[in-house]
Amino acid sequence: MKISVIGTGYVGLVSGACFAEFGWNVTCIDKSSERIESLKQGIIPIYEPGLDDLVLSNVRAGRLSFSLDYAPAVEDSDAVFIAVGTPSRRGDGHADLTYVYAAAEEIASHLAGYTVVVDKSTVPVGTARKVAEIIRKANPNADFDVASNPEFLREGSAIGDFMRPDRVVIGAESERAKAVLKELYRPLYQIETPMVFTTLETAELIKYASNAFLAAKISFINEISALCEKTGADIKAISKGMGLDKRIGSKFLQAGPGYGGSCFPKDVSALIRIFHDNNLEPHILEAVTEVNLNQKMRLAYRVINLLGQDLTQKTIAVLGLTFKPETDDMREAPSLVIVPELIKAGAHIKACDPQGVREAKKLLPESVEYLDSPYDAVKDADAVIILTEWNQFRGLDLELIKKQMNGTLFADFRNIYDRSLVEKAGFTYIAVGR
Ligand code: NAD
Ligand code: UGA
């Protein structure tokens, strides 16, 4: 089968490379000439473990190619996946569908023969029908169906998530479209992946409801973490004690500095807008968002208060800037709230992140100093904060860190250290909810 994937970001490039690995002939298309040029030269524009090898081997095998133009790939495709960004629209939090609609317009003019146009981007209820309308208007003779196939991969483990998903959701309303998608995902049938076939609207809403539910789990445990700090209870033991109940489950119950990333914040906010558009009150979703912002501010102020509020003479080492480990993605990272708050209080920030520095430089205040090694970042610092649980920060030589520093505050905001070990090295240890 031949497919085109529009958009070569985290989702488009991973999906394209994985479909090629399944054996299909894939063209990944992007309007960014810089992106396509670098991909053609074998340079992967994002950091995602295993993606470079997967892309290169499929390019060499002749199954994966890159193009700035929709033609001729779209004309030859059995399915065209739309995997462009749907960021929060400035001002109102709605999903900005400009890129999806622009892609639909352009796909329309290149359709030839029966084609399934598949929304893989996360889009509000009703978007697939709108995409169908756009295509029909632009090319009344086109022979096509629109389908919704939301993506559930996580950054940092994207290839494994795509190749061994918990489920595949397909919103399709014609037998022809279902047959094409069934065939594309046949390799997953062989590993008995559940396939959920639904209407377009239901598939679109499954995606938002899933992300919002996971975000709610995180905000729930973060809210409990604040209570733990007041009462002396231990949030890690609480997550374990709760998570062992199969009805609750242990995943997405780790307290931390609030969720970030390109999806939970924007998708919860878009779902809130969808509720309002339908004259409904999203009570839980509003609370999820509020708790998430509070958590970031609360943790920033714990450090500021412990260091004496006026931080003009203080240096703080921040270990980890990305929203989670194993990605270079800085979108909505907790560091983007916490670091500016510390700087506002007067602190000088020395930061270290294995992959995020290039993006961080564009988003954080200019005064931030970047160091390659955590041991350099902590030199003369009054406090050290772990904001992302990169493996590189899990086994630090605490004695050496202590020797390099001026002060003794060790803020473990990912709960990756044993209090006793850190205290034994001479630090004042604070964590989240314990
Ligand atoms: P991204 O911002 O990393 O990449 C989007 C790409 O689309 C960019 O390279 C951009 O140049 C390209 N593009 C935009 N308009 C185009 C057009 N008209 N024609 C061709 N290319 C175009 O986005 P992403 O993180 O991959 O997310 C894509 C979608 O998938 C979003 O809706 C997101 O919510 C959803 N999603 C993302 C993830 C994730 O982990 N990032 C996971 C699941 C779902
Ligand atoms: C998330 C979902 O997990 C994916 O299923 C979905 O496809 C994707 O959004 C999307 O729609 O884009 P992602 O944002 O890549 O994936 O990363 P997650 O592993 O979900 O982490 C999101 C945030 O939650 C991170 O900041 C992480 O640190 C935080 N988190 C996660 C916690 O604070 N505690 C947890 O227990 C789990």
Side-chain angles (χ1 to χ4, degrees), residues 4-16 28-36 38-39 45-46 48 67-70 74 80-88 95-107 119-124 127 149-158 161-162 165-167 207-208 210-215 217-222 225 235 239 243 249-268 270 292 295-296 320 322-335 387-389 413-415 432:
S4 300
V5 180
I6 314 297
T8 60
Y10 291 87
V11 167
L13 192 53
V14 170
S15 311
C28 287
I29 297 163
D30 205 289
K31 61 172 189 181
S32 156
S33 49
E34 202 186 318
R35 234 160 218 244
I36 293 299
S38 69
L39 284 165
I46 53 174
E48 179 63 43
S67 168
L68 254 185
D69 299 317
Y70 284 51
V74 169
V80 180
F81 284 81
I82 300 179
V84 300
T86 49
S88 268
D96 182 349
L97 294 173
T98 318
Y99 306 105
V100 172
Y101 294 157
E105 284 269 352
E106 190 144 3
I107 290 167
D119 270 341
K120 201 170 235 330
S121 299
T122 303
V123 290
T127 304
N149 170 222
E151 181 50 56
F152 299 97
L153 63 78
R154 289 161 299 171
E155 290 178 24
S157 52
D161 287 349
F162 191 96
D166 288 342
R167 78 309 205 179
K207 174 63 193 176
Y208 276 115
S210 302
N211 271 5
F213 188 80
L214 293 171
K217 267 187 109 172
I218 299 169
S219 276
F220 181 87
I221 205 69
N222 283 339
S225 76
I235 199 69
S239 297
S250 59
K251 300 203 173 128
F252 283 75
L253 266 192
Q254 304 316 312
Y259 60 76
S262 67
C263 292
F264 286 172
K266 88 165 165 61
D267 291 348
V268 174
N292 195 49
Q295 185 77 348
K296 296 172 188 177
T322 50
F323 80 101
K324 64 183 285 191
E326 299 302 333
T327 181
D328 56 354
D329 201 337
M330 282 290 299
R331 290 178 280 183
E332 303 281 340
S335 64
L387 272 191
T388 318
E389 68 278 33
F413 288 161
R414 291 290 182 171
N415 288 346
V432 183

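Fair warning: this is a prediction, and the values are worked out from it, not measured in the lab. Indexing begins at 1, ligand by ligand and atom by atom, following the structure's order.
- Polar contact with ligand 2: present for L253 (N/O pair, distance under 3.5 Å).
- Proximity of N211 to ligand 2, defined as any heavy-atom pair under 4.0 Å, is confined to the side chain (atoms from C-beta onward).
- In I221, neither the side chain nor the backbone holds a heavy atom less than 4.0 Å from any atom of ligand 2.
- In terms of polar-atom proximity, defined here as any N/O pair under 3.5 Å, K266 does make such a contact with ligand 1.
- For atom 22 (C) of ligand 1, the closest non-hydrogen atom on the protein side is V84 CG1, 3.5 Å.
- Looking at K207, its side chain never comes within 3.5 Å of a backbone N or O of V123 through a donor-acceptor pair.
- The shortest heavy-atom distance from R331 to ligand 1 is under 4.0 Å.
- Residue K207 has no N or O atom closer than 3.5 Å to an N or O atom of ligand 1.
- Look at K251 and you'll find every heavy atom at least 4.0 Å from all atoms of ligand 2.
- Nearest protein heavy-atom neighbour of atom 8 (C) of ligand 2: L153 O, 3.5 Å.
- Applying the ring pair (Phe, Tyr, Trp, His ring centres under 6.0 Å) test to F323 and every residue at least two apart in sequence or in another chain returns nothing.
- When heavy-atom distances to ligand 2 are checked against a 4.0 Å cut-off, K217 has no atom that comes that close, whether in backbone or side chain.
- When the ring pair (Phe, Tyr, Trp, His ring centres under 6.0 Å) test is applied to Y259, the partners found at least two apart in sequence or on another chain are F264.
- For atom 41 (N) of ligand 1, the closest heavy atom belonging to the protein is E155 OE2, 2.9 Å.
- Checking only distances, K120 never comes within under 3.5 Å of ligand 1, N or O to N or O.
- Looking at A83 against ligand 1, only its backbone comes within 4.0 Å, counting heavy atoms.
- The N/O atoms of V11, backbone and side chain alike, include one that comes under 3.5 Å of an N/O atom in ligand 1.
- The proximity of R154 to ligand 2, defined as any non-hydrogen pair under 4.0 Å, involves the side chain as well as the backbone.
- Residue contact check for ligand 2: C263 places a non-hydrogen atom closer than 4.0 Å to it.
- For the atom pair CZ (F152) and CG (L214), the distance works out to 10.0 Å, reported to the nearest 0.5 Å.
- Other residues, nucleotides and ligands contribute at most 12 non-hydrogen atoms within 6.0 Å of the OH atom of Y99.
- Nearest protein neighbour of atom 13 (P) of ligand 2, counting heavy atoms only, is F323 CE1, 3.9 Å.
- Between T122 and ligand 1, a contact under 3.5 Å exists for at least one N or O pair.
- With distances taken over non-hydrogen atoms, the option nearest atom 35 (C) of ligand 2 out of E389, E332, Q254, E326 is Q254.
- Nearest non-hydrogen protein atom to atom 37 (C) of ligand 2 is F252 CD2, 3.4 Å.
- In terms of polar-atom proximity, defined here as any N/O pair under 3.5 Å, R154 makes no such contact with ligand 1.
- By the criterion of a heavy-atom distance under 4.0 Å, both the backbone and the side chain of S121 are placed next to ligand 1.
- If you check which protein heavy atom lies closest to atom 9 (O) of ligand 1, you get D30 OD2, 2.6 Å.
- By the 3.5 Å distance cut-off applied to N or O atoms, D267 is not counted among the residues near ligand 1.
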